[in-house]
Each structure stands twice: as structure tokens, then as C-alpha cells.
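As the structure is a computational prediction, the values presented were derived from the model and not from experiment.
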Amino acid sequence: ASPPSMTLRTTPGDRPGGRPGYVLIMLAMAVLVISLGLLIALPVWQTEVRREKEEELIFRGKQYAEGVRLYVQKNPGKFPASLKELLDKKCIRRLYRDPFDPDGLWNVILASGKAPSGRESAQEVLVAPERALPGIKNPQILGVVSTSTDKSVKIYNDQESHDKWLFFFGQDPKKPPKISYYGEKD
């Protein structure tokens with residue numbers, strides 16, 4: 001008889017009844033199926049994340065509009081000159097960040113000319129970056145709007161881009177105001 005070491009098979013895949021390479025092919029197929037699944041799921045996941053950010057934008061924007069309403073109720077005839085003033089006067093719980101801006105800064109909606117008294121809607125508003133407020137004489141903040149110009153997944157107040165989603169005190173969704181932008185010449 002021959003020694004036991006001579007009868008053992010040592011070549012990979014050379015076991016009795018086995019077919020060489022099937023494990024490798026099955027592994028490659030599994031990786032392919034998983035990759036295809038991820039390729040399909042990624043855009044769906046990105047859209048869902050965008051929808052959640054849009055819902056958060058609506059919530060935060062409405063918080064600011066309500067904060068301005070409370071400020072005007074506490075200080076008749078006056079409007080806040082900064083978003084921090086809303087927090088200082090306890091008209092808003094905290095300063096919310098714009099979910100679409102990496103720095104979290106908003107564009108603020110300012111009264112241009114005559115500010116609404118509370119019953120009527122603003123007919124014309126000025127939109128300015130939050131960081132431009134120190135350079136504006138006597139700013140009267142009515143609300144906020146996102147800095148993002150991206151097309152939205154959701155349609156809000158008949159608008160399809162985030163920078164057209166206005167959140168301000170005295171807003172009438174049926175009568176959108178004329179919008180002027182800070183630094184724009186007439």
C-alpha cells in the first residue's frame with residue numbers, strides 16, 4: 001500500500017463530485033445582483049432624503065413666519081431687524097438652519113416700502129441674504145426663503161423651486177407678492 005500522503009488530493013476544486021470554479025462564479029453572480037440592487041435603490045433613497053429635507057424646510061419656514069407674527073403681536077407696528085431678535089424676544093424657540101444651505105443661512109424676506117399691518121398681504125417684498133442685513137438701513141423682516149435655487153420634488157404654493165417657497169407674515173398663497181432681490185437694479 002502507498003503512504004497516506006500520496007493518496008490525498010491537494011489541488012483546489014479537485015474534491016470528489018465537485019466542479020471546479022462554480023463557487024467563484026456564484027460569488028461573482030451574487031456581487032452582480034447586489035450591485036444592481038444598489039444601483040436601483042440609490043436614486044430612490046436620494047429622492048426620499050430630498051423629500052424629508054423639503055418637509056423640514058416647510059416646517060422651519062412656517063416657524064419663522066409664526067415667530068414674526070408673534071413679534072408683531074407683542075410689538076405693534078414694529079418688525080424684527082434680525083432673526084436673532086425673534087429668539088431674544090422669545091418669539092421662536094431656536095434659530096433654525098436652512099436645510100438646503102451648507103452654512104444654514106437663509107435669505108430673509110423684507111418689507112419693501114409699506115409693511116403689511118396684519119390684515120392685508122404684502123404686495124411687494126425684498127429678498128436679501130441674511131449676511132447682508134447689517135448693510136440694510138432699518139430692515140423689517142417679514143419671513144424667510146431658502147437660498148437653494150434647486151427644482152423641488154414637491155410643489156408648494158404652486159412653486160417648483162426652493163427659492164420661490166416664501167414663508168412670511170401676512171402671506172396670502174393665492175396672491176403672491178412681487179419679489180425684488182437685494183442688489184438688483186430696477
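- Looking at heavy atoms from C-beta onward, L110 lies in side-chain contact with I141 at the 4.5 angstrom threshold.
- A distance of 11.5 Å separates CD in Q140 from CG in L126, rounded to the nearest 0.5 Å.
- Without hydrogens or angle criteria, N157 side chain to Q159 main chain gives no donor-acceptor distance under 3.5 Å.
- In plain terms, the two heavy atoms of T147 and D98 that are nearest each other are N-OD2, 2.9 Å.
- For K90, there are no side chain to side chain donor-acceptor pair (under 3.5 Å) partners, not counting sequence neighbours.
- Among all heavy-atom pairs drawn from R97 and P102, the shortest one is NH2-O, 3.2 Å.
- Between K89 and P80 there is no side-chain heavy-atom pair separated by less than 4.5 Å.
- In this structure the side chain of R131 reaches within 4.5 angstrom of the side chain of D103, judged on heavy atoms.
- The main-chain N or O of V108 is never found under 3.5 Å from a side-chain atom of E130 such that the two would form a donor-acceptor pair.
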Please determine whether salt bridge (Lys or Arg N to Asp or Glu O under 4.0 Å) holds for the pair E66 and K62, giving the CA-CA distance in whole Å, both sets of side-chain angles, and the decisive distance to 0.1 Å.
CA-CA 6 Å; E66 177 64 11; K62 286 181 176 180; over 6 Å; no
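- Linking Ile, Leu, Val, Met, Phe, Trp and Tyr residues whenever their side-chain heavy atoms come within less than 4.5 Å leaves W45 and I40 in two separate clusters.
- The main-chain N or O of I155 is never found under 3.5 Å from a side-chain atom of S152 such that the two would form a donor-acceptor pair.
- Summarising the geometry, atom CD1 belonging to I25 is positioned 13.0 Å from atom CG belonging to L32; distances are rounded to the nearest 0.5 Å.
- In this structure, the ring-ring contact (aromatic ring centres under 6.0 Å, His included) partners of Y156, at least two apart in sequence or on a different chain, are W165, F167.
- Both Y64 and I58 are part of a single hydrophobic cluster, where members link through side-chain heavy atoms under 4.5 Å apart.
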Take T149 and D163 through the side-chain hydrogen bond (donor to acceptor under 3.5 Å, both in side chains) test and state the conclusion after the steps.
CA-CA 5 Å; T149 56; D163 63 330; 5.6 Å; no
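- Annotation for D158: atom CG does not count as buried by contact number, only 12 or fewer foreign heavy atoms lying within 6.0 Å.
- Here NZ of K53 is found 9.0 Å from CG of D150. Values are rounded to the nearest 0.5 Å.
- Shown here are the side chain to side chain donor-acceptor pair (under 3.5 Å) partners of E52, two or more places apart in sequence or in another chain: there are none.
- Here the shortest heavy-atom pairing between S146 and L57 reads CB-CD1, 3.9 Å.
- In plain terms, the two heavy atoms of L86 and G67 that are nearest each other are CD2-O, 3.5 Å.
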Determine, step by step, whether F168 and V68 satisfy the side chain to side chain contact (heavy atoms under 4.5 Å, CB included) criterion, reporting the C-alpha distance in whole Å, the side-chain angles of both residues, the deciding distance to 0.1 Å, and the verdict.
CA-CA 8 Å; F168 65 94; V68 172; over 6 Å; no
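- With no hydrogens or angles considered, no side-chain donor-acceptor pair links Q46 and R50 at under 3.5 Å.
- V144 places none of its side-chain heavy atoms less than 4.5 Å from the side chain of I109.
- In terms of heavy-atom proximity, V145 sits nearest to K164 at CG2-N, 4.4 Å.
- Side-chain atoms of R51 and E55, non-hydrogen and from C-beta on, never get closer than 4.5 Å to each other.
- To the nearest 0.5 Å, the span separating CG on L95 from CG on L87 amounts to 4.5 Å.
- Judged by distance alone, with hydrogens and angles left aside, the side-chain atoms of D172 form a donor-acceptor pair with the main-chain N or O of K174 at under 3.5 Å.
- Taking hydrophobic clusters as Ile, Leu, Val, Met, Phe, Trp and Tyr residues chained together by side-chain heavy-atom distances below 4.5 Å, Y182 shares a cluster with V127.
- In terms of heavy-atom proximity, A81 sits nearest to L133 at O-CD1, 3.9 Å.
- Using a distance-only test at 3.5 Å, with no hydrogens or angles considered, a donor-acceptor pair links the side chain of E54 to the main chain of V153.
- Between W106 and Y96, the ring center distance fails the sub-6.0 Å criterion.
- The line from CZ of R60 to CD1 of I92 is 10.5 Å long, rounded to the nearest 0.5 Å.
- Under the 4.5 Å side-chain heavy-atom criterion for Ile, Leu, Val, Met, Phe, Trp and Tyr, I136 and I179 are members of the same hydrophobic cluster.
- You'll find the side chain of F169 stays beyond 4.5 Å of the side chain of Y71, heavy atoms only.
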